[in-house]
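So the structure is just underneath, and the comments pick up after that.
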Amino acid sequence: VLLGPTGVGKTDWSILLAEKIGCPILSADSRQIYKGMTIGTAAPTGEQLNRVKHYFVGKLSPDEYYSASLFEDEAVEMIQDLHKQHDTVIMSGGSMLYIDAVCNGIDEIPTVDDALRLEIQELYKKEGIDPIRNQLRLLDPEFYNVVDLKNPKRIIHALEICLMSGKPYSLLRTNKKKPRPFRIVKVGFNRDRDELYSRINQRVDIMIQDGLLEEARGFYPNRQLNSLNTVGYKELFDYFDGNNTLEYAIDKIKQHSRNYARKQITWFKRDKDINWINLSDPNINVLDTIESLL
RNA sequence: GGUGCCAUAGCUCAGUCGGUAGAGCAACGGACUGAAAAUCCGUGUGUCCCCGGUUCGAUUCCUGGUGGCACCA
């Protein structure tokens with residue numbers, strides 16, 4: 001697994017590594033998985049896709065439902081399949097929960113049907129979080145005591161699961177690590193903060209040059225989709241609305257990308273299995289270092 | 001050249017009837033188990049422009065600078 005914050009250089013290095021050891025790449029990226037969001041998510045280019053076989057890039061329409069759990073199922077199956085021909089396969093990406101889902105598994109929880117989801121959404125819009133919180137307290141006091149009571153998504157989701165399954169959500173949360181029939185080696189890429197940030201800023205400027213505006217414009221009518229609640233698009237949608245200038249939108253894309261990178265670093269920091277490589281260090285031989293871990 | 005206003009956190013600014021200061025944004029830190037590039041939580045980081053004066057004590061009041069803005073020449 002090659003992981004790290006956005007803009008650190010995962011794509012380039014994963015391709016070099018894949019070419020060297022002759023294996024395909026599974027992308028662990030909750031946004032690059034959608035079709036057409038190529039510039040804004042810095043997805044591998046056509047040229048890069050031709051060099052190395054990639055999976056989970058541009059395979060879904062932006063209006064399709066997807067989740068970390070679906071990724072877990074599909075990716076684990078795919079990895080086992082690919083292992084018939086390859087000793088090693090690379091998973092590369094920055095979506096923390098997706099990587100966790102494949103490496104550790106996530107609990108079996110029923111899929112929430114649309115009607116229920118809408119119903120709770122309506123209740124939330126009309127009456128706020130309080131009635132949802134209260135229902136959760138009745139149905140799952142145990143989870144109520146540990147959940148972040150200020151985080152609507154968590155509370156709503158827990159209630160959805162309670163209603164969907166007829167059981168307390170906390171009963172379904174085992175937090176058990178699932179065994180995998182393959183060995184996992186995690187390599188984390190990082191850079192000095194200043195360098196990472198200036199790479200992110202530059203990359204955004206390049207995205208704009210490459211036509212991010214046109215790409216975003218094409219998605220503008222579908223802006224309400226979850227897949228488009230994404231850095232690089234949502235800021236431009238605001239600009240299209242006339243709420244602010246293009247310059248402001250670009251600054252915000254840079255800023256939100258930097259914030260996202262920081263959040264990724266925070267998440268990855270607590271995973272003690274990660275072998276870190278600082279790409280700012282000019283003396284490091286990246287490919288040899290990774291191969292020595294395999 | 002003259003007159004007036006302003007100078008406080010990275011930015012925009014508030015404030016202290018004299019007891020060394022606080023908001024928003026940014027920044028930084030953290031949480032995270034089926035929407036995760038999502039969602040949520042926490043933290044003030046400061047020669048209060050400079051020199052001097054008054055004062056037990058000055059970021060605050062006063063003199064003089066410096067810089068910015070406005071108006072008048």
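Values below: all heavy atoms of this structure, side chains included; hydrogens, waters and symmetry mates excluded.
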Give me the distance, rounded to whole Å, that separates [N] from [M] when you measure between the [atom1] atoms they each carry.
| N | M | atom1 | value |
| --- | --- | --- | --- |
| B:rC48 | B:rG52 | P | 15 Å |
| B:rG44 | B:rA36 | C1' | 30 Å |
| B:rA21 | B:rG29 | P | 26 Å |
| B:rG22 | B:rA14 | C1' | 8 Å |
| B:rG15 | B:rA7 | P | 10 Å |
| B:rG65 | B:rC13 | C1' | 26 Å |
| B:rU20 | B:rU16 | C1' | 10 Å |
| B:rU66 | B:rG24 | C1' | 30 Å |

Just how far, in rounded Å, is [atom2] of [N] from [atom1] of [X]?
| X | N | atom1 | atom2 | answer |
| --- | --- | --- | --- | --- |
| A:Tyr260 | B:rU39 | OH | P | 13 Å |
| A:Ile265 | B:rA31 | CD1 | C1' | 16 Å |
| A:Met96 | B:rA31 | CE | C1' | 11 Å |
| A:Ile156 | B:rA36 | CD1 | P | 15 Å |
| A:Asp148 | B:rU39 | CG | P | 14 Å |
| A:Trp267 | B:rA31 | CH2 | C1' | 9 Å |
| A:Gln224 | B:rA35 | CD | P | 18 Å |
| A:His157 | B:rA36 | NE2 | P | 11 Å |

Q. Within the structure, does a side-chain N or O atom of A:Tyr66 lie under 4.0 Å from either OP1 or OP2 of B:rA36?
A.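 A:Tyr66 to B:rA36 OP1/OP2: no side-chain N or O under 4.0 Å.
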
Q.
With a cut-off of less than 4.0 Å, is there a side-chain N or O of A:Asn259 near OP1 or OP2 of B:rA26?
A.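 Indeed not, no polar side-chain atom of A:Asn259 lies that close.
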
Could you tell me the Watson-Crick or G-U partner of [N], where both distances fall under 3.5 Å? Say none if there is no partner.
| N | result |
| --- | --- |
| B:rA23 | B:rU12 |
| B:rG29 | B:rC41 |
| B:rG46 | none |
| B:rU55 | none |
| B:rU63 | none |
| B:rA35 | none |
| B:rU3 | B:rA70 |

Choosing from [options], which nucleotide comes nearest the side chain of [X]?
| X | options | answer |
| --- | --- | --- |
| A:Gln255 | B:rC28, B:rA36, B:rA27 | B:rA27 |
| A:Tyr65 | B:rA35, B:rC40, B:rA27 | B:rA35 |
| A:Arg193 | B:rA36, B:rC28, B:rU39 | B:rC28 |
| A:Lys263 | B:rG34, B:rA31, B:rG29 | B:rA31 |
| A:Lys252 | B:rA26, B:rA35, B:rG29 | B:rA26 |

Answer with base, sugar-phosphate or nothing: what part of the nucleic acid does [X] contact at a heavy-atom distance below 4.0 Å?
| X | value |
| --- | --- |
| A:Tyr98 | sugar-phosphate |
| A:Gly232 | nothing |
| A:Asn226 | base |
| A:Tyr34 | nothing |
| A:Thr41 | base |
| A:Lys269 | sugar-phosphate |
| A:Arg31 | base |
| A:Tyr233 | nothing |
| A:Asn104 | nothing |
| A:Tyr197 | sugar-phosphate |
| A:Arg262 | base |
| A:Gln121 | base |
| A:Lys234 | sugar-phosphate |

Q.
Restricting to non-hydrogen atoms, name the atom on A:Tyr34 and the atom on A:Glu64 that form the minimum distance, rounded to 0.1 Å.
A.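 Taking every non-hydrogen atom into account, OH-O, 3.3 Å.
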
Q | Members besides A:Ile156 in its Ile/Leu/Val/Met/Phe/Trp/Tyr cluster (side-chain heavy atoms under 4.5 Å) | A | A:Ile109, A:Val112, A:Leu116, A:Ile120, A:Leu123, A:Tyr124, A:Ile129, A:Ile132, A:Leu136, A:Leu139, A:Phe143, A:Tyr144, A:Val146, A:Val147, A:Leu149, A:Ile155, A:Leu159, A:Ile161, A:Leu163, A:Met164, A:Tyr169, A:Leu172

**Q.** The single option from A:Gln264, A:Arg199, A:Arg203 passing side chain to side chain donor-acceptor pair (under 3.5 Å) against A:Thr6
**A.**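 Considering A:Gln264, A:Arg199, A:Arg203, a side chain to side chain donor-acceptor pair (under 3.5 Å) with A:Thr6 is found only for A:Arg203.
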
Can you tell me if [X] uses its side chain to pair, donor with acceptor, with the backbone of [Y] under 3.5 Å?
| X | Y | answer |
| --- | --- | --- |
| A:Thr174 | A:Lys176 | yes |
| A:Gln32 | A:Thr41 | yes |
| A:Lys10 | A:Pro5 | yes |

Q) Is the base of B:rG29 touched by the side chain of A:Thr266 through a donor-acceptor pair closer than 3.5 angstrom? A) no

Q.
Counting distance alone, no hydrogens or angles: does the base of B:rU39 have a donor or acceptor under 3.5 Å from a partner atom on the side chain of A:Lys150?
A. no

Q) More than 12 heavy atoms of other residues, nucleotides or ligands under 6.0 Å from CG of A:Asn145: is that the case? A) yes

Q. Of A:Thr230 and A:Pro152, whose nearest nucleotide on RNA chain B comes first from the 5' end?
A. A:Thr230

Q) Where each residue is assigned the nucleotide of RNA chain B containing its nearest heavy atom, which of A:Val231 and A:Gly105 is assigned the position nearer the 5′ end? A)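 Looking at the nearest nucleotide for each, A:Gly105 comes out on the 5' side.
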
Q. Parallel, tilted or perpendicular for A:Phe240 and A:Tyr220, by the 30°/60° rule?
A.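 Perpendicular: the ring planes of A:Phe240 and A:Tyr220 meet at over 60°.
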
**Q.** Connected via hydrophobic side-chain network under 4.5 Å: A:Phe182 and A:Leu2
**A.** no

Q.
Suppose we call two aromatic rings close when their centres sit under 6.0 Å apart. Are A:Phe71 and A:Phe56 close by that rule?
A.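 Here the rings of A:Phe56 and A:Phe71 have centres that are less than 6.0 Å from each other.
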
